[in-house]
Each structure stands twice: as structure tokens, then as C-alpha cells.
Amino acid sequence: MDKKKLLLTWIIAFAMAFTVIPSTVVCASEGNTEPTNTAPEMMEGDGNETPEDINENPQGVDPTESSGDQETTEEVEQTEETSEPETEETTASTTETTKISTTINTSGKRWVTPKGNKALSLTICRNSDGTVFDLMRQAGQTLYAYDTLQGATAGKGFGYFSLYNRKNNTAKIVKVRLCDMKVIKVSGVLNVRHANELAYNGRNNTIVIANADPTPKRITVVDANSLRIKFHKILKMPKKIKGMSKKECKKFKGVGAIAYNEKHNCYVARMRKTNDLLLLNASFKPYKRIKQKSKVKGMLYQGLDSYKDCIMVCQSFKGKKKYNLITVYNMKGKKLARYKMSLGSPKRELETIFHDGNQFYMGCYCCFGAKTDLQKLHIKRENYIYRINNL
């Protein structure tokens, strides 16, 4: 009997040795059994993307969006590349961060402007290492000397910027390679007064400067390579030109801004007092006035640009109008579009608009307003250049 039990036990043990028992395999490399994130969850940005992550979009989509985000323009928020808390300034139409953001405005319902206007999408220009390009410091200039951006122009891959010294009413021109925002050359002190706006003429490689106050009838031509003055010229109005009577020609007070139009080989200037546009031939002889047919009153006129059959006019904030404008006209003065840029803090005063090829830029001087922008108050003056994504 014992032998039979022993034989039975041996048979059962032998059978169990060849029976497959199901088991759960756990990968040691995972370290946990929690489910992995779904694709949408893994693609969410943390709001601190580097400049290389920014998807610049000429159609005006928020450049701070990561490639996986598909948020609507109403939900787009400004992004600051810092871990420090942000202070926000709220206005009736928008909320702006008080620091310089990668994108300071976007298109869409959140930025609706008055009927017929459009919002402006901007990306701040940065150095090759990702830091924000600061014109004054990188040109080796000091605060309360040559510290205020006024005019700008560009051509053949280079940008030219005027830095104004309000103490002695002179300026310096800074040449910058736009592909990496590297300062190539800084001029000596130039007697070009306010240097309110610049125009690059690629046909003769010169920069034309609208002196503005206190010599608004004088322009200055500078060599784009040496950044030295070639000559000054006093603008003289003929007795009569197209669009202006003899009486109006006699009242000519000079110009406050100037741009060069490559297609038409002419200069476009903004006249003092009336702020109408004046066409000059390649020899700076006025031949036609263009009336702006949709002026915005109560704002400061600044720089301008001209590209193909369009003229872009800049205006900065004043009084109750807490924003800047770029109005686009055709060569007959008809309004084609109007772009709006809210201020942020410190207030970004739109000084100039310019282009290189079909890429447009704008320059802002940042302070807290003219009434408080005094050296004795130790106001920090800053200048920033932006690429325009939707112009």
C-alpha cells in the first residue's frame, strides 16, 4: 500500500512539473505600474519654451505655442521665459504682463480692435544665445547718453538704427546684422539732430536721415559702409506740385520722417504740421502730395516705411489712447489696413517700422512716459526690436 501511495505521489509531481501556470510579467525598467500619459498630455507645454521652440507664424498665430498645442487665439496667453512671478497690468481690453515677453500681442478675438482695424503679432528679437537684444547696451552705449532709439531702416541683411542723445541733440548710427542681431559697426557722433527716421537706398548704398527738430527741412545722406556723412541737403518745395497749391507749398515746414521705395525709386516723407505724405524723386525733389484719407487724431506721428505699392505710417500713444498704431496706405493715400499694438509696461513707444526683403520689423523705445522720463528720476531707458509676424 505504501508503495502504491509513493508511486501515485511521484506521478502527480511529474504531471505538475509540465503544467503551464499563467503569470504577470512586470518590466523592471518601468519602476511602477501606473499608466503612461496619453499623447495629448505628453505634448502640453509648460509655458517656458526656449526661443528655439517658438513657432513663428506669418499668419499671426501666437508664436509662443508649442507644435502640439492647438489652443484658440482667445485662449492664447503671453509667455515670459522666466520662473519669476509676473505682475500684470489690466486695461479695459486686455491684460499685459509688465515684463518684456517673447510675444507681446497676438491676433484673434482677444485682441479685437475698433472696426476695420487688425491686431499685430510681434516676436522680440533675440541674440544667438537666446537673450533679448538690447540696442543701447550691445552698441556699447551708456544710459543718459546715446540711449534712445529713434529711426531705423534695413537692407541686404543689415539693420541701421539711430540712437539719440537728448543732451546735445546729436545721434549715432548702429549697424546690426539681422540674422543673429550682431552689432557690426557704430558710427561716431553725427550732427543729424533728432535723427527721427532713416531710409536705406540699396541702389547707392546710402542711408538718408530725417533730421527733424530743430532742422526739419534738412536731411542727411550717410554712407552705409563707413557710417560717415556724405552731405546734408535742405529740402526746397517747388512753387507748385501735384496735390498742393502755391499757398500750401509756401507753408512747407519740412519733414519729420522719410522712407525709400525701391519699386518706384522715390522717397516718401511725412510733412510737418499737416502730417500728409510727400513724394520725392531720387534727387530729393518733391513732386506730389498724398493725403492720408483716414488719419487718427490725438496720437503722435513717428516713423514710416514704404514697400512696393504701400506706405506704412507709425503713431504712438498719447493721452487717452493707450496703444500704438501702424496704418497701411496705398500710394494714393487710401487706407488698406490698420494694426494695433497695446502698450504693456514699461510703455512701449512705437518709434519706427522698417523691412529687409519681405520681413518687417519695428522698433520701440520703452519708458514710463515723457513727463517722467528724466535723468534725475533715474528712469531706465530701454530699446527693443521686434519682428512682425503678420504684415
Side-chain angles (χ1 to χ4, degrees), residues 51 63-64 78-82 84 86-91 94-106 120-127 130-152 159 161-167 171-172 174 176 181 183 194-198 299-303 314-319 321-326 339-354 360-388:
T64 58
Q78 299 175 21
T79 302
E80 177 89 26
E81 297 184 9
T82 177
E84 298 177 0
E86 297 177 359
T87 305
E88 294 188 347
E89 175 184 340
T90 304
T91 63
T94 182
T95 301
E96 294 260 332
T97 59
T98 61
K99 300 178 182 179
I100 299 297
S101 301
T102 296
T103 301
I104 66 168
N105 209 339
T106 57
L120 195 63
S121 173
L122 308 172
T123 301
I124 196 166
C125 289
R126 295 179 178 270
N127 304 302
T131 57
V132 173
F133 176 76
D134 189 311
L135 178 64
M136 179 192 75
R137 290 174 178 81
Q138 290 180 232
Q141 305 306 301
T142 57
L143 192 63
Y144 309 124
Y146 294 90
D147 62 2
T148 305
L149 171 66
Q150 292 298 328
F161 305 87
S162 64
L163 281 176
Y164 177 59
N165 186 329
R166 55 187 78 192
K167 286 183 178 179
K172 291 183 178 182
V174 182
V176 178
M181 300 306 292
V183 174
H194 199 73
N196 197 60
E197 187 59 295
L198 314 182
M299 298 185 72
L300 295 175
Y301 277 88
Q302 301 284 5
C314 298
Q315 288 181 270
S316 66
F317 61 94
K318 184 180 180 181
K321 298 183 184 296
K322 305 299 182 184
Y323 50 84
N324 299 295
L325 290 179
I326 295 175
Y339 294 80
K340 176 180 178 181
M341 186 194 80
S342 46
L343 299 181
S345 180
K347 292 181 173 62
R348 301 173 181 92
E349 181 181 357
L350 175 59
E351 295 286 352
T352 180
I353 180 173
F354 59 99
F360 281 83
Y361 299 81
M362 55 176 272
C364 290
Y365 168 63
C366 303
C367 69
F368 290 88
K371 291 183 179 180
T372 59
D373 189 17
L374 304 174
Q375 182 176 347
K376 65 182 180 181
L377 298 179
H378 306 291
I379 296 298
K380 183 180 180 182
R381 298 167 180 163
E382 297 179 323
N383 309 280
Y384 295 103
I385 313 301
Y386 298 88
R387 288 189 301 274
I388 302 178

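With values rounded to the nearest 0.5 angstrom, Q138 atom CD is found 6.0 Å from T131 atom OG1. Considering CZ of R387 and CZ of F360, their distance stands at 15.0 Å, rounded to 0.5 Å. From Y164, atom OH reaches atom NE2 of H194 across 6.0 Å, with rounding to the nearest 0.5 Å. The distance from the OH atom of Y384 to the CD atom of E351 is 14.5 Å, given to the nearest 0.5 Å. How far OG1 of T123 is from CD1 of I385: 14.0 Å, rounded to the nearest 0.5 Å. The CG atom of L149 lies 9.5 Å from the CD atom of E349; values are rounded to the nearest 0.5 Å.
Checking each of D147, T148, V183, N383 against L135 for a side-chain contact (heavy atoms from CB on, under 4.5 Å) leaves exactly one that passes, namely N383.
Between M136 and L163, the closest heavy-atom pair is CA-CD1, 4.1 Å. In plain terms, the two heavy atoms of M299 and K318 that are nearest each other are CA-CB, 4.2 Å. Of all heavy-atom pairs between R126 and M181, the closest is O-CG, 3.5 Å. Smallest separation of non-hydrogen atoms from C314 and T352: SG-C, 4.0 Å. Between L350 and Q302 the shortest heavy-atom distance is O-CG, 3.0 Å.
Aromatic ring orientation, F133 versus F161: tilted (interplanar angle from 30° to 60°).
In this structure, S162 contributes its side chain and A195 its backbone to a donor-acceptor pair below 3.5 Å. Of the possible polar contacts, one joining the E197 side chain to the A152 backbone as a donor-acceptor pair under 3.5 Å is found.
At a threshold of 4.5 Å between non-hydrogen side-chain atoms, the residues M362 and R348 do not count as touching. The shortest side-chain heavy-atom distance between R381 and Y144 falls under the 4.5 Å cut-off.
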Applying side-chain contact (heavy atoms from CB on, under 4.5 Å) to Y386 and M341, what does each step give before you reach the verdict? CA-CA 12 Å; Y386 298 88; M341 186 194 80; 5.7 Å; no
